[in-house]
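Numbered from 1 within each chain, the chains take letters A, B, ... in sequence-line order.
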Amino acid sequence: MNWIDKQRNIVDFALSSLLRRWRKNLALLCVYTFVVFIVASVVFFAEALKRDACLVLEGAPDVVVQRLIAGRHDLISSGHMEKLARITGVSDVKGRLWAYYFEPSVGANYTMVVTEEAAGRPGTVAIGAGVSRTLLAGQGDLIAFRGHDGAYVSLEVARVFPSSSELVSADLVEISEEDFRALFGLPEGIYTDLTLRVRNPKETVVVADKIRRLLPDTRPILREEILRTYEALFDWRGGIVLAIFAGAALAFIIFAWDKATSLTLEERREIGILKAVGWETSEVIVMKSWEGIVISLTAFLLGLVLAYVHVFFTSGTLFEPVLKGWAVLYPRFQPVPFIDPYQVATLFFLTVVPYTVATVIPSWGAATIDPDTIMRQ
Amino acid sequence: MSLIVLNGITKIFNRGRPDEFTALSDVSLEIEPRGLAVFRGPSGSGKTTLLSIVGCMAKPSAGRVLVKGREVTSLPDRFLTDIRRHTFGFIFQQLHLVRGISALENVILPAYPSGEGLASLRERGVRLLDLLGLAHRADTNVEWLSGGEAQRVAIARALINEPAIVIADEPTAHLDTKLSLDFMAAMERLKAEGKTILFASHDPLVYESTMVDRVLEMRDGRIVAERRAS
């Protein structure tokens, strides 16, 4: 109990000491909070994007097979489907129709996709929220698409995708097979690429190898590869944001470091008094450590909470254009609140610990003075 | 038994450097409990250095110091701090109060690391301020106190750990006659309570006071004369 009371007394004095220099400490707290806020926001946002993308890709096929001619993607025929279906372990081989469509009036690329949902409703399309915004088109409106022969085809908007899937559906136009083939002039039996399922997930790589050997003009793309690409992409974007803020953050860190590591004359005098009235060097250091811990922990928690609100309640307004860039169609999406304890712990050890140590070192220097120095002042 | 024994104390600053300076030279002395002794002498005579060594604030370059019969010269700093905290109360010439906190907080400052509960500490602090007629200023920040009030806060701070010995270095150097007399009256009360009091002073108002039991004349780092009250 005595030890706890002693720590409580020292904390009490540390807090009173912080309050006495509230201007300096408030400035430090603001700067520190800002740095934690920026770093935590980027980390939370990149993680949320990755998670969102991964959730959407969960339903994606195990393997996508594209045809390549001299390295260029080309259309694939249904003849390949039969060969693929004969590979052991492969099931559910399907042809997929999709294409990029450039709309000159708004300068945007749409991704046109044929889905099973759209099969039953020729003459209509379902569009992503990004497309809806740029064309100012809602349910029931007609959208004109320019076909392969230059003639315009008008299709009715059957529905607009909900914003929860906007990260990957912003530029999407879901269309029926008949309309797709008519628009792009594609004959029957020709597909953009093929998809297939592999019964045993562990055999996916083996199946991909078999496909490469059986159909040397094709390129199998595994779902895991797409997931890895997403992760790399969002990590890279997070890095870009950090790089943009690095200059500002560095200036702030230097400022904070300077304020934390230098003692004012008043602080040195105070340490001298404490030593002279009977405080041990270790007690002075503990007191200064508490000061550092209070500042850095408060800044850390404040920065973390602000970053959480920024990312999960305001959709990361500050970084949106960089982190979610999608040509002219910026998706609006609300990330699902999620915190990775490992990332929080990493942030903690990168912010709180160095700052506390930085505060203690100069105090240790000042606290090792002979107590009789104060007698001579 | 003597409360403090100094045996052949020498203190050399900056030893081995061109600016080497001998502040004390072979000083031997015994201090009895419950008395008031004044070290008197000009600037640079070694009064403050001697008080620092007696109060375990500094270690001598040579010689031995015994406090309550215990040899303290060879003790590590941590133990010296402990002895200093529990045996001595210091009143500095410049007072050295911590600005920005109240009189009461200044008074209890030396006792923070003791582990005593804050409530009990505050209670004792207020009682001390009350004894010195300053209870009504307990919550006032020290920078708002007059010179005399600030000195009484410094006295109360010196007493918070209930020390057996109170050490004051030139306590009246910055006080006018009335405040100096008030200070001596406060010391007289402490002496009556059984405290041992050691002053360094060259103020006649202090060393000619009737309450002083012993005046030790210092010069060039040595005790050159001694007068005891009859």
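- Proximity to chain B is absent for every atom of A/L19, based on heavy atoms less than 4.5 angstrom apart.
- Residues A/E283 and B/R85 are paired through a salt bridge, judged by an N-O separation under 4.0 Å between the basic side chain and the carboxylate.
- The minimum heavy-atom distance linking B/T81 with A/E280 is given by the pair CG2-CG, 3.5 Å.
- For a residue to count as touching a neighbouring chain, one of its non-hydrogen atoms must lie under 4.5 Å from one of that chain's; by this rule B/I53 does not touch chain A.
- Neither the backbone nor the side chain of B/E170 comes within contact range of chain A; no heavy atom of the residue lies under 4.5 Å from a heavy atom of that chain.
- Summarising the geometry of B/P110 relative to A/W279, their closest heavy-atom pair is CA-NE1, 4.2 Å, with the distance given to 0.1 Å.
- Using a 4.5 Å cut-off between heavy atoms, B/R99 touches chain A through backbone and side chain atoms alike.
- Looking at A/E266, the atoms closer than 4.5 Å to chain B (heavy atoms on both sides) all sit in the side chain, from C-beta outward.
- Within a 6.0 Å radius of CG in A/D340, more than 12 heavy atoms belonging to other residues, nucleotides or ligands are found.
- The minimum heavy-atom distance linking A/K275 with B/R84 is given by the pair O-NH2, 2.7 Å.
- Nearest heavy-atom pair across B/L97 and A/I273 is O-CD1, 3.9 Å.
- Side-chain atoms of A/D12 and B/Y112, non-hydrogen and from C-beta on, do get closer than 4.5 Å to each other.
- Side-chain atoms of B/L118 and A/F13, non-hydrogen and from C-beta on, never get closer than 4.5 Å to each other.
- Among all heavy-atom pairs drawn from B/F90 and A/A276, the shortest one is CD1-O, 3.9 Å.
- Put simply, the side chain of A/N9 reaches to within 4.5 Å of the side chain of B/L121, judged on heavy atoms.
- Of all non-hydrogen atoms in A/S16 and B/I101, the two that sit nearest each other are OG-CG2, 3.5 Å.
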